[in-house]
Amino acid sequence: MRKGARVIRPNNSECEVAAKAKAGVAIDDAAARAQASGRQSAEHAVSYRPMLRFLATQDRNVIWLLLGIALLPVDGTTLGLYAPFWSPISPALFAVYCLCNWRQLHIVAVKYPPMFLLPVACIILSIPGWLRFGIHFNGLFGMLATLGALVIAFHIKRIPWNMPIRLLIAAYWCSFAVGVVQWFSIHLRFEPLVNYFSHLMYRQYITDSSVWGGGRPQFLFAEPSYIGMHLFGILLPLMWLMRGRDSIYAKRLRDLIVVYAIGAMLMQAGTRIVIDSVVALLIAIIVHNTWHDRKQRLRGMAQFAGACLLGLLGVLADSRLSSIAENGAQGDGSFFARIYQSLDPLCGLLAHPWTMFTGYGAGNIINAVWAGASKAEQLLNGLGMNGGAATGMNADTVWTMCAYTSVVAEYGLIGLVLLVIASIVSMTRVLDTAAAEHGVWGKTVICWLVLIVYLYIQCENYAFAALPLFIFA
């Protein structure tokens with residue numbers, strides 16, 4: 001500072017003004033930060049409500065679709081629609097969704113003719129049988145409703161798939177939790193829960209007095225043998241579909257399948273889940289390995305050997321499978337029932353030769369069973385088996401537990417050929433162009449078809465989502 005320069009000092013009032021101004025700026029900054037923080041918190045809070053955001057961006061009738069997806073694992077309770085040994089809810093909800101979007105149904109029929117022409121052809125094939133044996137209906141329309149709902153939602157309306165997938169995963173985790181609760185209630189002999197589930201399930205396997213083989217958790221399925229149908233007919237193909245779209249959802253589906261299958265086997269829920277898991281594992285090994293690569297080929301062969309070893313251990317560890325291996329078909333009552341329940345209607349075709357081509361008509365399997373029961377009894381007795389078990393079926397308990405037997409009995413060989421053609425057309429329909437260029441999708445579709453063919457050997461319900469899902473995808 002130069003000598004003699006005059007120093008100007010602010011007085012007290014000026015300092016107070018400056019301090020207040022500075023404090024005001026600080027307060028404004030704090031308020032701005034608080035407001036921004038509040039907006040961020042609000043946005044963060046909204047992120048916990050993805051379902052509400054999803055519903056707000058879709059038509060109101062999408063709730064029927066979501067309910068149908070959420071209730072897919074609920075197909076064996078007294079709350080569902082009655083069918084012999086199956087009481088689903090989802091097909092009815094999918095039908096409601098289709099009716100709410102009836103303007104799009106003609107688009108579905110035009111753009112996906114195999115989906116709608118196959119049921120129409122089955123109805124035409126049913127006319128001779130209906131005229132001869134009476135008019136009845138079955139799950140054919142449920143399959144059509146499931147197909148229509150999938151096409152309307154995910155092809156025409158382009159509904160985002162992430163929320164339905166998330167809901168589906170949560171629904172199956174809930175059904176698994178129900179199975180765990182059932183298992184604990186059975187082994188801890190907690191009678192209130194045991195009685196509750198025994199009254200909830202249409203065909204219960206919970207109590208020891210169950211004529212179907214009690215003391216087992218059945219989750220919310222019609223019977224424990226349906227576990228593999230759900231895991232490997234719905235969840236596993238969805239995992240394959242998610243591989244090229246969202247690896248996170250693919251991993252979640254994989255974890256769900258593994259935990260569900262292992263948990264069901266550890267809780268001894270059923271015998272078929274052991275066989276289904278080994279078959280699905282072998283098919284998954286084919287899908288997930290590049291066989292022209294030497295290193296992956298060796299790894300796949302080692303995995304095949306391990307899967308076969310696990311299958312052998314499963315047979316030895318499961319008393320029912322061991323009994324079948326030692327005593328043949330009659331070593332297990334359920335396995336033997338699968339034989340004569342298919343043999344009856346097939347022998348019924350011989351009683352009326354014209355039905356071999358057009359069948360007995362939709363819903364008339366019981367007529368085929370009655371017509372072929374005596375012949376089936378003779379065949380079983382000739383093989384040294386209990387042929388008397390093949391008689392005594394009635395309209396309330398008849399079921400074949402084999403989709404191919406049901407198709408031939410209801411729609412004849414012509415209907416079976418049409419089903420094969422529709423499956424081939426669906427298999428050649430490539431949706432994922434990027435995957436197709438690498439040759440992965442083609443192998444996945446073929447393995448998916450093989451898995452579906454296997455699973456429907458012991459599942460006759462046309463409306464079950466595995467077949468409509470395959471036809472759609």
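These numbers come from the heavy atoms of this one structure, side chains and all, not from hydrogens, waters or symmetry mates.
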Flag the pair Val445 / Trp240 as yes when at least one side-chain heavy-atom distance between them is below 4.5 Å, and no otherwise. no

Parallel, tilted or perpendicular: ring planes of Phe464 versus His230, cut at 30 and 60 degrees: perpendicular

How close do Tyr411 and Ser126 get, counting heavy atoms only, and between which atoms? CE2-OG, 3.2 Å

Can you see whether Asn289 engages Gln303 through a side-chain donor-acceptor pair at a distance of less than 3.5 angstrom? yes

Is the backbone N or O of Gly68 less than 3.5 Å from a side-chain atom of Ser90, with the two atoms forming a donor-acceptor pair by type? yes

Thr146 side chain vs Ala465 backbone, donor-acceptor pair below 3.5 Å: no

Heavy-atom side-chain proximity of Leu241 to Trp448 below 4.5 angstrom: yes

Phe94 and Leu150: side chain to side chain contact (heavy atoms under 4.5 Å, CB included), yes or no, with the steps? CA-CA 9 Å; Phe94 290 142; Leu150 290 173; over 6 Å; no

Supply the atom-to-atom distance Leu81 CG to Leu93 CG, rounded to the nearest 0.5 angstrom. 8.5 Å

More than 12 heavy atoms of other residues, nucleotides or ligands under 6.0 Å from OH of Tyr196: is that the case? no

Under 3.5 Å, is there a donor-acceptor pair between the side chain of Asn364 and the main chain of Gly134? yes

Here the gap from Ile227 atom CD1 to Phe176 atom CZ, rounded to the nearest 0.5 Å, amounts to 10.0 Å

Please lay out, stage by stage, how Gln218 and Arg203 fare under the test side chain to side chain contact (heavy atoms under 4.5 Å, CB included). CA-CA 10 Å; Gln218 66 183 105; Arg203 182 189 182 193; 5.6 Å; no

Answer yes or no: is there a side-chain heavy-atom contact under 4.5 Å between Val274 and Val315? no

Can you tell me how far CD1 of Ile156 sits from CD1 of Ile107, rounded to the nearest 0.5 angstrom? 4.5 Å

Atom OG1 in Thr78, atom CG in Leu200: separation rounded to 0.5 Å? 5.5 Å

Within a strict 4.5 Å, meaning less than it, do heavy atoms of the Phe219 and Val178 side chains meet? no

Is the shortest heavy-atom distance from the side chain of Asp59 to the side chain of Lys157 under 4.5 Å? yes

Looking only at heavy atoms, the pair that brings Tyr360 and Gly348 closest together is OH-O, 2.5 Å

Going through the distances and angles, do Leu238 and Leu469 end up as a side chain to side chain contact (heavy atoms under 4.5 Å, CB included)? CA-CA 9 Å; Leu238 284 176; Leu469 178 63; 4.2 Å; yes

To the nearest 0.5 angstrom, please state how far the CG atom of Leu413 sits from the CG atom of Leu418. 11.0 Å

Could you go through Glu223 and Trp86, starting from their C-alpha distance and side-chain angles, then the distance that decides it, and tell me whether this counts as side chain to side chain contact (heavy atoms under 4.5 Å, CB included)? CA-CA 8 Å; Glu223 57 178 59; Trp86 197 45; over 6 Å; no

Apply salt bridge (charged side-chain N to carboxylate O under 4.0 Å, His left out) to Asp246 and list each qualifying residue two or more places apart in sequence or on a separate chain. none

Within the side chain of Ser342, is there an N or O that forms a donor-acceptor pair under 3.5 Å with the backbone of Ile339? no

Under 6.0 Å from the six-membered ring centre of Tyr249 and within 45° of its axis: does the NZ or CZ of Arg252 meet both? yes

Shortest non-hydrogen separation from Asn381 to Gly388 and the atoms involved: OD1-N, 4.4 Å

Partners meeting side chain to side chain contact (heavy atoms under 4.5 Å, CB included) with Thr271 (sequence neighbours left out): Asp318, Arg320, Leu321

Answer whether the closest heavy-atom distance between the side chains of Phe197 and Gln204 falls below 4.5 Å. no

Taking ring pair (Phe, Tyr, Trp, His ring centres under 6.0 Å) as the test, write out the residues that go with Trp183, two or more places apart. His187

Tyr172 vs Tyr260 aromatic rings, parallel, tilted or perpendicular, using cut-offs 30° and 60°? perpendicular

Counting N and O atoms only, with roles assigned by atom type, does the side chain of Thr77 sit under 3.5 Å from a partner on the main chain of Tyr202, one being a donor and the other an acceptor? no

Taken in chain and number order and not counting sequence neighbours, the residues that satisfy side chain to side chain contact (heavy atoms under 4.5 Å, CB included) with Asn386 are Gln330, Phe336, Ala389

Determine, step by step, whether Thr405 and Thr400 satisfy the side-chain hydrogen bond (donor to acceptor under 3.5 Å, both in side chains) criterion, reporting the C-alpha distance in whole Å, the side-chain angles of both residues, the deciding distance to 0.1 Å, and the verdict. CA-CA 7 Å; Thr405 302; Thr400 68; 5.2 Å; no

Under 3.5 Å, is there a donor-acceptor pair between the side chain of Ser185 and the main chain of Val181? yes

Is there side-chain contact between Leu193 and Phe184, with at least one heavy-atom pair below 4.5 Å? no

Taking Tyr404 for the side chain and Val453 for the main chain, is one N or O donor matched with an acceptor at less than 3.5 Å? yes

For His352, give me all partners under side-chain hydrogen bond (donor to acceptor under 3.5 Å, both in side chains), at least two apart in sequence or on another chain. none

Tightest non-hydrogen contact, residues Met143 and Pro468, listed as CG-CG, 3.7 Å

Looking only at heavy atoms, what is the nearest atom pair of Val278 and Ala307, with distance? CG1-O, 3.9 Å

For Val369 and Pro345, which heavy atoms make the closest approach, and how far apart are they? CG2-CD, 4.0 Å

State whether the side chain of Trp173 and the backbone N or O of Leu256 hold a donor-acceptor pair below 3.5 Å, judged by distance alone. no

CD (Gln268) with more than 12 external heavy atoms under 6.0 Å: no

Sequence neighbours excluded - salt bridge (charged side-chain N to carboxylate O under 4.0 Å, His left out) pairs with any residue from residues 253-266: Lys251-Asp255

Go through the steps for Arg132 and Thr355 under the test side-chain hydrogen bond (donor to acceptor under 3.5 Å, both in side chains), then give the verdict. CA-CA 11 Å; Arg132 175 66 174 80; Thr355 60; over 6 Å; no

Return the CZ to CE distance between Arg272 and Met229, rounded to the nearest 0.5 Å. 6.0 Å

Side-chain contact test, heavy atoms from C-beta onward, threshold under 4.5 Å: evaluate it for Ile159 versus Ile152 and give yes or no. no

